[in-house]
Trainee: 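Starting off with a structure, shown below.
So you know, we letter chains A, B, ... as the sequences are listed, proteins then strands, and number each from 1.
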Amino acid sequence: MSVLSDRVGQLIGKHKIVTDPQAVSPYFDGEVAEAKVVVTVPASTEEVQELVLFAGKEKVPVYTSYGPLLPAKLAASDGIIIDFKKQNKIERIDKRNLAVHFQRGATFEQINQELKPHGIRIMTPVAARSEFAAECLINRNVSKAIAKFSEMAVSNLKVVMADGRIHKTGTHSISEDGVDFREDAGPSLSKWYYGSEDSFGIVTRATVYCFPCMEKRLVRVFSFDRYEDLIKAMHEVPRLEVGQEYLGMNARFARSILKKDKAGFPKFMLVVGIEAFAELADNENEWVEKEVKKRGGKEAREWEKDFLDIIDIAWKSASPNHLAYFSAYRNNLKLRGLVNKSLQEARFPESEVGECLVSVCRGRNCYSMFDLFPEGGKADTDRLALQIFQKKAGAFFDLPQGNLAWEVYKSIPGYRRHLRRIKQLMDPEGILNPQVEYLFDPKKVEKSNFDIPPLTQETLTEAVAALKKAIGDQWVSDRPADLSSYGHDFTVVTGQRPNVVVLPLNTKDVQAIMEVAYDYGLPVVPLSTGFNHGGLTLPRHGGIMVDLRRMTRLVEIDPDSMTAVIEPNVKMRALWMDCHKLEEEYNTLKPILPMTFGSISLLANYVSRGGAGSAAKYGPNAELIVDMKFVLPNGEVLEVGPNSVPGTDGIAYQYGPGPEIAGMFLNADGAFGICTEMRIKLFPELKGERILGAASFVDDYTDCQNSCNTMYDVCQDNLAEYTYKFHPGILAAGTASLVGADPLNVVEVVPKHFFLALFSGLDEKQVEIRTKRFEQIAEKYGMTVIDPATLGNPDLAHNDQMKRSLGTRGNKLTAYRGSFQWLACYLKVEKVPEIAQQWKQQIDKYWRPADPKFSIEMAMSGCGIQGPMPFARGGACEFDWWWDHGNPDTIKRAAKIVRKAGELQLDHGGLFIRNLHDLGEMQLSRWGVYTEIFKRFRKVMDPADLMHPGVIDFKTEFTGKKTE
Amino acid sequence: MAYNAKIARNIKPLFEYRNDAWKCIRCGMCRMTHPDFLQSHKYSDCCPRNIKHVFESYAGTGTQEIVRALTCDPPELEIDDYLKKIIFTCTICGNCQEICNAVKDLEPANAMMALRNYIVNKEGPMPAHQTLIQSILNYDNPWLSPRAARARWAKRLRDVNIKEAGKDKVKVLFYVGCNESYVSDLIPVAETAARVLSLAGVDFGILGAKERCCGSTALRTGANEMFEKYRRENIEMLNGLGIQTMVTACSGCHSTFAHNYAGDLKFEILHVVEFLDRLIQEGDINFEKELPIVATYHDPCHIGRYSQIFDPPRRVLQSIPGVNFKEMERIRQYSLCCGCGGGVKTAYPDLAMETANLRLDEARDVTKADTIVSCCPFCENNLGDAAKSREDHKFRVVDIMQLVAESMGFEKGKD
């Protein structure tokens, strides 16, 4: 035994280590003759911590088995391999909220076996690269159901950091009882771990979203003679929003996956999985059959049973020689031609090439996999991938390896440097998976040292002159009349006027501005269309206000990939209108808009992690972003997202290559740079539509619970594209403005709990199936179904606010008493009845208007749920209240109630949607390790602390002390 | 739709807008084409001065902020030339208020008029407006033209019986307005109106040299006290005529009489296009000649947004044989201002011209029209100037009355 193995054995027990070269070999890509490396099989996260601490102290590399085998040469050096096979417990199953918490060593088979009695399951990959579910999911192994559910299934992770500490990511930072949500209290830094191959921290546990096993599960199989017809069907049918899995394959792949050696497979097959309650499943089945046949598919029913048997189990990579990439359908044939040509040149027989295609996110893109079976001889898929990449023909490689990784990462300007910065921050000694050297090279991280002199009137004058020179006199102003408009908003937050306001026209202008800012030490605050809500765009220390409203280009709408590229001043409703003009056979297109003013920048809303009432169907806005272009504090431009890789085209996948670094820009309030361009996903706008509500007129806990249960069932049956649970105040204000009444006269007669949903479908029949199901659910919970169309005012049943953002219909929410205020957090829907009661008590205690009608008025304030996440795994729980900004007494009370609301939400494990009203400090104080990472990374990215300083107070030591 | 505050009416002192200023939520709807009528990203902006100057201060939200800052104690802003520029580049088109009324019930356009009055009271009129104001005081019109020349156009119409209101008893007073009386390009509008009224057998007259400015120019440029003087004196004179109806051919006069003299005039006030529409509906007008044109209609702010007269001009246009009528995107109460109003053409001609060109771009790209039709001398003047300067697309900018004249067979300048 070596010294290393001795010491490691002492740490976790000798029976948990392996050093014998024969036993070590399976971890490497070649035979191991001599093993200095120690394989460990720790039984717990604590043991992993011990190992990492030891490794850090002794500067010994730690390797994990995240998928690819390790290079054999590493075996001869000191190192610790961690194998997670003993950490395979399913720790918790949350059937109501559809999540399962399991240790890293659990397999898909094991997890789904345990979930089965609960009537739920996790989605499985089409080509698992690891036997462990967590490793596949964290590293984005493509799910078979990605056509319908493109959102990443992993919500939270437990990570052992390089310094041995534990980082529970996303909302688990504050509480494991709260909502399981991968977003963080500030920028979504936790997402770095996804696709990072354990290089930033070692994952030991994952929380993964489950899906209900529906009443009916079907598999339809169609044969195709022509590849062109197959991809046409895979491109076009999923965008009708019928079916769940769209898997195309050639005969060789089908033979391998079905493990049937017999002949008789069609040349090409399309396997379509359908899952829904019986009536809807039958309806979808009819649509799928009709539309696939229309595109050249022929029924191949003889294979349906075979595929039904395996559709819900994880498919392993059919061959170790495996090549896969994403592409737009328009580039699919060209790319396939390149692959085939290369294979011909390498004399690899066509008969041994297995092809499998997965339709991605409603047919936007295709994930093409080529398995080169050993029967065909030797094949170098790494070389082949590199050749394809170098052709720049539109292929996107999600997690490149080997030489391809070098090429991909270095092709994006600045990308590798930022990955290295993160590596340096998270693993300064470089002990975690250092074999991923093409991605990380901590030694080369630059050190920044800024020595900026204090701002004086003289330097300010110089800075203004420099700005004018950079972007033009007329677009720079330091005149008080211009500055005044940027110094405060309508909330309780007090800001400062900026010293100068600038109006850049393009990314180049923004870069020039950042350079001046750093030269003169001027803080920078970005703003797009100017709805300065909750102080997020107010300067706290003066500086340069970068007003982006001259950046108004709607750069592109690409109907093929269903994406749009927008600049900051593209108003959300304007984009909706332009998309809506794009008529397709059964639908038009639409962006997913939050319920805020139609005048507001969609880019700003997405980048600040806004939510939509239609998140139940489409997912949170953060998942709808494809690419972003950022100007960083040092003036450099960084593009993130798949299309940042030169040569890609029309990729509509929301993740860039490798570690998911885009998250750090979301909900960052400008901390890491200014977003100047964004590609977002568009969705099919189906033609059938109906709005229905379910009401309860009793204001008690049980009725609130019934309303929440209605929401759960509606979302978990995947019925509606928009849902909102109103409290009486918001319902009264909305209704009153539609019918021209005073909200105070309406608040006592409106339902106490009102669940509103919009049901859509390809045709009226589909809508009817969904609404019938809704009526059954409402009845089950004793709710009264209300059809707004029968109430005599067409505006009451108008979809404007649900789909097109707020126009004027019903939109005097903000008019009553002056200012409408809200504070929202992501919370488990089941916790809403309890928090709603406590909120009522808070209102009684702290919100006593002098108005004699105060008891009615207090009823205006309440707790609603806007936009639950898909399957109601969490909801945006919102407290609303109205106050008069012209009244100093009300301002005092408003300031108090804001903090009380914040405390209440955080106490329930809530995650603020945004750090409004200067509550970020309160939230971040509870987020431990995350907050510390955030603060340190900010110093890396913005060493002079110029990016919107003070919006979250980084310089204060957070105490988490409650308000008196 | 119910409105709490009508555009450019019942303007209160500045300090009464202070609470509103605090209530503005900076939603920015006031800069946007009305969301319920918005058709595309390309035409999603509605505020002429904000389109050009872009800073928040040049929008309805900025107006509220300036009101807030000036009404603080002590004021947070000083009145300087730049602040005046922000305030006087507004055309008071009312688009911002039209939308805000439906969202937040604030009155940015009215607050802007109060701001102007506040500035003028403290510092006097804008230098560029000084000539207009002085001319009105000296000659009762803003064009430095003698009173005696006001009705010269009428004397040339020998075949039309135009009575002298005040002297002769008439039921209908044709209140010609300063523009149609003095501006040569617009005189045909007055002539046509008179011919149409005559042809339809309307018993009408004009005031001739006794007609005085309605005061609109003074009101829009912040000289409220001067406007009050004209209002008072005009009310006394007009009510003494014993007329039943006043018809104006000027949208500014129309909105001023209809709204800013509101309640004090004892007769009906119509714009000539409404009158014409009535006559067409009743079969009193016969069009003889086809006009093979592609025409689009530009809604003037004063008879559009201010007075809700949207359908009559469209009906009139569509009744003219041969006219292929096409709509732009920003129309009716959400029409983009031509850029001329509120004294902007005088004080900031570049802004007026740029805005007019934006409007012509919209007409060209959306409708492919060759003829831009309106009912307002200011719009026609401004859009006409812009059209003359363009090479890309030839537009004819005309008053609707001119098209009516052509189709009815009136020849320009015929005695």
Trainee: Do W576(A) and L38(B) come close enough that some side-chain heavy atom pair is under 4.5 Å?
Mentor: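 W576(A) vs L38(B): side chains apart.
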Trainee: Based on non-hydrogen pairs under 4.5 Å, which of A59(B), S44(B), C30(B) is most in contact with chain A?
Mentor: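 Looking at each of A59(B), S44(B), C30(B) in turn, S44(B) comes out on top.
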Trainee: Counting a contact as any heavy-atom pair under 4.5 Å apart, which residues of residues 75-82 of chain B contact chain A?
Mentor: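 E76(B), L77(B), Y82(B) fall under the 4.5 Å cut-off.
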Trainee: Quick check for you: among R804(A), M577(A), R549(A), which has the greatest number of heavy-atom pairs under 4.5 Å with chain B?
Mentor: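 So the answer, after comparing R804(A), M577(A), R549(A), is R549(A).
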Trainee: Does any part of the side chain of Y486(A), heavy atoms only, come nearer than 4.5 Å to the side chain of E56(B), both counted from C-beta?
Mentor: yes
Trainee: Among T552(A), L806(A), N569(A), which residue forms the greatest number of heavy-atom pairs with chain B at distances under 4.5 Å?
Mentor: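 The answer is T552(A).
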Trainee: Given the options D547(A), V570(A), I600(A), L575(A), which has more heavy-atom pairs under 4.5 Å with chain B than any of the others?
Mentor: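 Counting heavy-atom pairs under 4.5 Å, the top option is V570(A).
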Trainee: Taking side chain as everything from C-beta outward and backbone as N, CA, C, O, which of these in R497(A) sits under 4.5 Å from a heavy atom of chain B? Side chain, backbone, both or neither.
Mentor: side chain
Trainee: Please identify each residue that fulfils side chain to side chain contact (heavy atoms under 4.5 Å, CB included) with A363(B), with sequence neighbours left out.
Mentor: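 By the side chain to side chain contact (heavy atoms under 4.5 Å, CB included) rule, A363(B) matches T296(B), M328(B), T367(B), I372(B), F395(B).
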Trainee: So do D482(A) and I86(B) actually touch side chain to side chain, heavy atoms under 4.5 Å?
Mentor: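 Yes, close enough: below the 4.5 Å cut-off.
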Trainee: Under a 4.5 Å cutoff for heavy-atom pairs, which residue among A21(B), S40(B), G28(B) has the most contacts with chain A?
Mentor: S40(B)
Trainee: Evaluate the side-chain proximity of C24(B) to F490(A): yes if any heavy-atom separation is below 4.5 Å, no if none is.
Mentor: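 Heavy-atom side-chain distance check fails, nothing below 4.5 Å.
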Trainee: Looking only at heavy atoms, which two atoms of R68(B) and S484(A) are closest? And how far apart?
Mentor: NH2-OG, 4.2 Å
Trainee: Roughly how far, to the nearest 0.5 Å, is CZ of F55(B) from OG of S485(A)?
Mentor: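 Here the interatomic distance stands at 10.5 Å.
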Trainee: Working to the nearest 0.5 Å, report the span between CZ of R26(B) and OG1 of T537(A).
Mentor: 10.5 Å
Trainee: Using a cut-off of under 4.5 Å for heavy-atom pairs, which of R18(B), K23(B), Q64(B), Q39(B) has the most such pairs with chain A?
Mentor: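 That would be Q39(B).
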Trainee: Using every non-hydrogen atom in the two residues, find where W475(A) and V54(B) come nearest and quote the distance to one decimal.
Mentor: CZ3-CG2, 3.7 Å
Trainee: Looking at R573(A) and D36(B), is any side-chain nitrogen of the basic one under 4.0 Å from a carboxylate oxygen of the acidic one?
Mentor: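 So D36(B) pairs with R573(A) through a salt bridge.
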Trainee: Which answer fits Y43(B), side chain, backbone, both or neither, if we ask what part of it has an atom under 4.5 Å from a heavy atom of chain A?
Mentor: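 Contact with chain A: none, neither part.
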Trainee: Flag yes if more than 12 heavy atoms outside K892(A) fall under 6.0 Å of its NZ atom; otherwise flag no.
Mentor: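 Counting other residues, nucleotides and ligands, NZ of K892(A) stays at 12 neighbours or fewer.
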Trainee: Is it the case that the side chain of S599(A) and the backbone of C27(B) share a donor-acceptor pair, with hydrogens and angles ignored and the cut-off at 3.5 Å?
Mentor: yes
Trainee: Taking the side chain as everything from C-beta on, heavy atoms only, tell me whether K571(A) gets closer than 4.5 Å to R31(B).
Mentor: no
Trainee: Under a 4.5 Å heavy-atom cut-off, does chain A meet the side chain of K84(B), its backbone, both or neither?
Mentor: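 Interface part for K84(B): neither.
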Trainee: Just by distance, with hydrogens left out, do Q474(A) and H53(B) show a side-chain donor and acceptor under 3.5 Å apart?
Mentor: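 Result is no, nothing qualifies.
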Trainee: Look at T61(B), N19(B), V103(B) and state which one has the largest set of heavy-atom pairs under 4.5 Å with chain A.
Mentor: V103(B)
Trainee: Quick check on N10(B): does its CG atom have over 12 non-hydrogen neighbours (other residues, nucleotides or ligands) under 6.0 Å away?
Mentor: no
Trainee: Sub-3.5 Å donor-acceptor pair from the side chain of H41(B) to the main-chain atoms of M572(A), do we have one?
Mentor: no
